[in-house]
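Keep in mind that the numbers below use all heavy atoms, side chains included, and drop hydrogens, waters and symmetry copies. Proteins get letters first, then strands, A, B, ... in listed order; numbering begins at 1 in each.
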Protein chains: 2
Amino acid sequence: MSLLQAFAAVQPLSESAQQLLAAAIVEKDYPKGHVLLPFGQIPAYMHYLVKGAGRIYYLRDGLDVTDYLALDQQFIGAVPALITQSPSHKAIELLEDSLLQSIRYATFEELCQQHLEIANLGRKMALFGFLEGQQRVEDLRFLSAAERYEELLRKHPTITQRIPLKHLASFLGTTQVSLSRIRSGKQ
Amino acid sequence: MSLLQAFAAVQPLSESAQQLLAAAIVEKDYPKGHVLLPFGQIPAYMHYLVKGAGRIYYLRDGLDVTDYLALDQQFIGAVPALITQSPSHKAIELLEDSLLQSIRYATFEELCQQHLEIANLGRKMALFGFLEGQQRVEDLRFLSAAERYEELLRKHPTITQRIPLKHLASFLGTTQVSLSRIRSGKQ
DNA sequence: CAAATGCTTTTACATATGTTAAAAAAGCAT
DNA sequence: ATGCTTTTTTAACATATGTAAAAGCATTTG
């Protein structure tokens with residue numbers, strides 16, 4: 001599914017809205033390891049991972065922390081820095097060779113201020129992000145590390161073949177050692 | 001600050017937009033203990049707490065869990081159920097005598113589909129909610145229960161005089177016993 | 001006022017998870 | 001393939017936080 005199709009699935013879009021958005025989308029291939037956004041840079045784009053994998057990460061007390069993981073057909077962007085247009089203390093890198101469709105945030109913001117359907121698209125996307133965050137809070141509060149791992153596997157059965165375990169552990173809010181214990185079953 | 005003023009602070013609003021919103025807002029006093037939304041009900045309103053205090057809660061494994069606390073000039077609503085218009089598994093009750101301004105969600109949704117400024121208001125409110133959720137995830141992941149308690153006190157210095165400790169503990173994702181330990185300093 | 005109900009603290013104990021370090025396994029490059 | 005780096009597992013130990021139960025306070029209510 002393309003970014004435009006993903007947009008249209010969130011909010012029905014007229015021809016004119018689709019054309020405005022399509023004109024703002026750029027598609028590009030990137031190699032594994034490519035840094036989409038380095039630390040300290042003001043992010044210009046919101047990205048959509050047509051195919052591939054990436055993560056958002058940062059350093060906390062000198063340790064690498066994975067804040068977010070995205071696989072095929074998911075969005076990836078340093079949202080707080082994006083909407084405030086301030087230097088990001090989080091970085092984005094690709095974990096596989098990937099095909100991305102990206103939209104310049106400033107353009108999207110302008111379109112929102114001009115076009116009703118696009119503003120509502122933006123609204124619904126933000127609402128989905130909000131719901132996702134709520135779910136993540138609930139998972140962190142009430143599920144054990146083992147249960148969060150199971151949940152992740154349920155959603156992305158092949159993720160362990162694609163993403164290094166240390167990143168999964170960090171994303172799940174636990175440690176490599178704990179996750180290894182969980183996988184061994186010897187608890 | 002009124003709800004309309006809170007709206008205008010998020011997104012500049014023309015006279016027409018303000019009038020449309022104002023017509024949809026109802027203001028009312030409620031006593032402490034009043035249930036704004038019982039379990040299983042489809043929420044009709046998004047609420048703004050002009051003055052007072054309330055909480056969103058639910059039962060998890062038979063235990064009362066506080067999902068959200070709101071004090072003066074904060075929004076309170078069962079957002080997931082509100083936007084999906086499905087029966088809420090969370091309830092809302094007031095913890096003090098309170099003055100509320102409420103807006104019917106169906107009306108707000110209609111206005112969003114018709115009015116560009118209001119759609120962008122909705123978009124920005126959702127974005128703020130998203131950011132708040134991100135912060136909460138980060139706090140849960142990296143702060144100890146003691147640090148989360150300190151943070152809460154920093155934001156709302158008088159909250160311990162207004163909200164029972166058991167609700168604070170639950171909201172912070174810890175237990176009454178732990179929070180009591182934290183407060184005693186004997187760790 | 002007294003009784004009752006609800007709230008907070010304390011104690012004792014259990015356990016999931018973190019930390020550090022080292023070994024084993026897997027992946028990658030020359 | 002051979003070695004070099006990265007990733008994963010295992011081990012031993014420390015600790016924050018949860019659970020359960022009881023006692024002490026405070027608030028409400030008849």
> Step by step, would you call B:Ser98 with B:His34 a side chain to side chain donor-acceptor pair (under 3.5 Å)?
Replying inline: CA-CA 9 Å; B:Ser98 303; B:His34 179 77; over 6 Å; no

> Is the closest side-chain heavy-atom distance between B:Arg141 and A:Val65 below 4.5 Å?
Replying inline: yes

Under 4.0 Å between a side-chain N/O of [X] and OP1 or OP2 of [N], yes or no?
{"X": "B:Ser184", "N": "C:dT9", "value": "no"}
{"X": "B:Ser180", "N": "C:dT9", "value": "yes"}
{"X": "B:Thr175", "N": "D:dT17", "value": "no"}
{"X": "A:Thr174", "N": "C:dG18", "value": "yes"}
{"X": "A:Ser178", "N": "C:dG18", "value": "yes"}

>> Looking only at the side chain of A:Ala145 (C-beta and beyond, no hydrogens), which of the listed nucleotides C:dT17, C:dT10, C:dC7 gets closest?
In response: C:dT17

> Among the nucleotides C:dG18, C:dC28, D:dG18, which one has an atom lying closest to any side-chain atom of A:Arg181?
Replying inline: C:dG18

>> Would you say the ring centers of A:Tyr48 and A:Phe75 fall short of 6.0 Å from each other?
In response: yes

> Are the side chain of B:Arg148 and the backbone N or O of B:Leu172 linked by a donor-acceptor pair below 3.5 Å?
Replying inline: yes

To the nearest Å, how far apart are [X] [atom1] and [N] [atom2]?
{"X": "B:Arg183", "N": "C:dT9", "atom1": "CZ", "atom2": "C1'", "answer": "10 Å"}
{"X": "A:Asp64", "N": "D:dT7", "atom1": "CG", "atom2": "C1'", "answer": "14 Å"}
{"X": "A:Leu95", "N": "D:dT7", "atom1": "CG", "atom2": "P", "answer": "11 Å"}

>> Only pairs with both distances under 3.5 Å count, Watson-Crick or wobble alike; so what is the partner of C:dA23 in this structure?
In response: D:dT8

> Mind checking who C:dT30 pairs with, Watson-Crick or G-U wobble, both distances under 3.5 Å?
Replying inline: D:dA1

> How do A:Lys32 and B:Val177 order along DNA chain C: which one's closest nucleotide is nearer the 5' end?
Replying inline: B:Val177

